[in-house]
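Below is one structure, written out as structure tokens; comments come after it.
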Amino acid sequence: MSMYTSTFFDEPIDRIGTDCEKWDGLRQRENAELLPMWVADMDFRCADEIVEALVKRASHPVYGYTDATDAAVEAMLGFMERRHGLHLKPEQQLMLPCVISGLRAAVLTLTEPGEGVIVQSPVYGPFYASVRENGRKVIDCPLIREKDGGYQMDLNAVEDACQKGAKLMFLCNPHNPVGRAWSKTELLALWNVLNRYGVTLVSDEIHEDFAFEPMGITPMLALIPEESARLLSLTSASKTFNLAGLQQAVLFTRNQELKKKLADSLHRVGVVQGNIFAMTATEAAFRYGDAWLDGLIPYLKEGEKLVRRELEKRLPEAVFSPMNATYLGWMDLRAYGFGEEELMKRTHQAGVAFTGGTFFGSEEGFLRINFACPHSQTLNAMERLEKAIIG
Ligand SMILES: Cc1ncc(COP(=O)(O)O)c(C=O)c1O
């Protein structure tokens, strides 16, 4: 019997004073003790197997230059095969400090100044910044919002963008903030459009381990096996196992020409894979983390139900998007008539912090909730949200 039951995840963990962005950073910035339901990291103890590996490595008192280990790569590829049916070879991966570095490197390497990169709003804010701050143009093909708050891709808009000369697309799979793991049919239809126009696809799959059903997400590389495909994906143990402070991610592609270009440009600016501890934790997570992850998923599913139930009860005019993946819920509060500034002010006054919708390029009136925390904390946040909106 695994120790990673709901009791494990129910246990609150005090992170104050660890310099974490989520609690300490927020308190410093807002000068208030807010309950943090914002940035995408989890308020759970990490798997004992990872802690033990880190403590063991830390107990050797020399921390000199260290290579990306074959053992970490082997563990990572084994995990991808086991959990996602994705078969990859060691030469098809490239270690990076974080997913954002991969997104930015792809923009710089695979497009020219002024060229267009397709994104699908609302989407993770740094997608826009990675394009704009590198002097390229965002071509937004907004997701289509349905009556129940669900979202679909607008493939006509994507095709139009391709016709207008877009060179690259950032896909979020599963999608942050709308919580959708795209289906095989949707992904294939998207790929067919991009492929017809020779547009390169960067699939950000950092949330791929948070599908509510086993094998509930399709990694693009599992769908498109051709070695010549202009396709790369980005993921990490850091999101799945809550190791973001260690800074380690990976880029996968079967296309060796693309890989070489990206490796060369990362090399030019001296960006290499992470450090001893990142490597140790990555290997332990991918090799021994399954039991922790298998305990986490049902807990997150319950967390999603809790948010939905509480929102229905406390704020019946709100719309909570249907979701099948991630621990990030998308709340439409437009019916209550507040703009983003007012929503932020009211939630902060009520003692809770969410991420405002405009961070994702959305219109005002939306909040994203991160419910990867003990259910007691989520419940507390929902009480505070009600107070913020209707007093
Ligand atoms: C879709 C998406 N991509 C990338 C990141 C950031 O990843 P990293 O910290 O590895 O740069 C996040 C973090 O929340 C995310 O949601």
Side-chain angles (χ1 to χ4, degrees), residues 40 72-96 98-100 102-103 106 110 118-120 123-124 127 153 158 168-176 178-195 199-241 248-256 258-259 262 282 285-287 289-290 293-294 296-297 300 323-328:
V73 172
E74 187 200 305
M76 182 168 69
L77 299 185
F79 181 89
M80 292 300 152
E81 176 117 33
R82 197 161 72 239
R83 306 227 32 137
H84 298 295
L86 178 59
H87 314 293
L88 290 168
K89 298 179 194 147
E91 63 273 21
Q92 293 167 338
Q93 61 77 37
L94 185 63
M95 296 278 200
L96 305 163
C98 63
V99 163
I100 296 291
L103 292 170
L110 306 174
I118 301 171
V119 303
Q120 295 171 303
V123 75
Y124 181 56
F127 275 26
M153 292 194 196
V158 172
L168 191 69
M169 172 166 177
F170 284 165
L171 170 71
C172 201
N173 176 39
H175 195 99
N176 170 14
V178 311
R180 270 289 316 270
W182 304 109
S183 70
K184 283 194 174 77
T185 315
E186 288 168 311
L187 293 173
L188 203 54
L190 173 69
W191 175 254
N192 287 338
V193 174
L194 298 177
N195 197 32
V199 174
T200 306
L201 180 62
V202 176
S203 186
D204 178 336
E205 296 175 357
I206 195 169
H207 295 282
E208 70 186 338
D209 293 306
F210 305 116
F212 290 177
E213 300 308 326
M215 296 288 188
I217 98 122
T218 306
M220 273 312 286
L221 284 163
L223 198 61
I224 311 296
E226 288 82 20
E227 295 199 347
S228 59
R230 297 194 60 79
L231 168 63
L232 57 98
S233 71
L234 292 159
T235 191
S236 74
S238 77
K239 193 64 74 188
T240 305
F241 295 99
Q248 184 61 58
V250 62
L251 179 155
F252 292 128
T253 182
R254 294 198 181 88
N255 184 320
Q256 291 302 304
L258 274 187
K259 185 186 151 186
L262 282 151
T282 296
F286 283 136
R287 207 181 285 289
D290 291 60
L293 188 54
D294 289 339
L296 173 72
I297 300 299
L300 294 180
M323 58 190 293
N324 60 3
T326 83
Y327 52 74
L328 307 164

For side chain to side chain contact (heavy atoms under 4.5 Å, CB included), just list the numbers for Leu232 and Lys259, CA-CA rounded to whole Å, side-chain angles, deciding distance to a tenth of an Å, and then say yes or no. CA-CA 8 Å; Leu232 57 98; Lys259 185 186 151 186; over 6 Å; no

Under the criterion side chain to side chain contact (heavy atoms under 4.5 Å, CB included), which of Leu328, Asn176, Leu300, Asn324 is the partner of Phe210? Leu300

Which residues pass the salt bridge (charged side-chain N to carboxylate O under 4.0 Å, His left out) test with Arg230, sequence neighbours left out? none

When rounded to the nearest 0.5 angstrom, what distance separates CG in Leu223 from NZ in Lys184? 7.5 Å

Atom pair CG (Leu258) and OG1 (Thr253), whose distance is rounded to the nearest 0.5 Å: 5.0 Å

Please test Leu103 against Phe170 for side chain to side chain contact (heavy atoms under 4.5 Å, CB included), starting from the C-alpha separation and ending with a verdict. CA-CA 8 Å; Leu103 292 170; Phe170 284 165; 3.8 Å; yes

Indicate yes or no: at least one non-hydrogen side-chain atom of Gln92 is less than 4.5 angstrom from one of Gln256. yes

Go through it in stages, so that I can follow the logic: the residues are Leu190 and Met220, the test is side chain to side chain contact (heavy atoms under 4.5 Å, CB included), and I'd like the CA-CA distance, side-chain angles, deciding distance and then a yes or no. CA-CA 10 Å; Leu190 173 69; Met220 273 312 286; 5.7 Å; no

Got Leu293 and Leu296 here, is their nearest side-chain heavy-atom distance under 4.5 Å? yes

For a quick test of reading the model, state the closest non-hydrogen atom pair linking Ala40 to Tyr327 and the distance between them. O-OH, 3.0 Å

Thr240 and Ile206 have their tightest heavy-atom pair at OG1-O, 4.4 Å

Side-chain heavy atoms of Val73 within contact of Phe286, under 4.5 Å: no

Hey, does Thr235 have a side-chain heavy atom less than 4.5 Å from the side chain of Val99? no

For Gln93 and Pro90, indicate whether the former's side chain and the latter's backbone hold a donor-acceptor pair under 3.5 Å. yes

What I want to check is whether the side chains of Ser203 and Glu205 have a donor and an acceptor closer together than 3.5 Å. yes

For a quick test of reading the model, state the closest non-hydrogen atom pair linking Pro219 to Asn173 and the distance between them. CA-ND2, 4.4 Å

Do Lys239 and Glu208 meet the salt-bridge criterion of a basic N to acidic O distance under 4.0 Å? no

May I ask you to decide if Ser228's main-chain N or O and Asn255's side chain share a donor-acceptor pair within less than 3.5 Å? yes

Is any side-chain heavy atom of Met95 closer than 4.5 Å to a side-chain heavy atom of Gln248? yes

Closest heavy-atom pair, Cys172 versus Trp182, reported as atoms and distance to 0.1 Å, is O-NE1, 3.0 Å

From His84 NE2 over to Ser233 OG, what is the distance, rounded to the nearest 0.5 angstrom? 10.0 Å

Of all the heavy-atom pairs spanning Val199 and Met169, show the shortest one and how long it is. CG1-N, 4.0 Å

His175 NE2 to Tyr124 OH distance, which is reported to the nearest 0.5 Å: 12.5 Å

Rounded to the nearest 0.5 angstrom, the CG-CD1 distance for Asp209 and Ile217 is 8.0 Å

How about Leu234 and Leu96: do any of their side-chain heavy atoms sit closer than 4.5 Å? yes

Spatial distance of atom CZ (Phe212) from atom OG1 (Thr326) [nearest 0.5 Å]: 6.0 Å

Heavy atoms, side chains only, cut-off 4.5 Å: are Leu221 and Arg254 in contact? yes

Looking at every heavy atom in both Ala181 and Gly216, which two are closest together, and how far apart are they? CB-O, 3.6 Å

Is the shortest side-chain heavy-atom distance between Ile224 and Leu201 below 4.5 Å? no

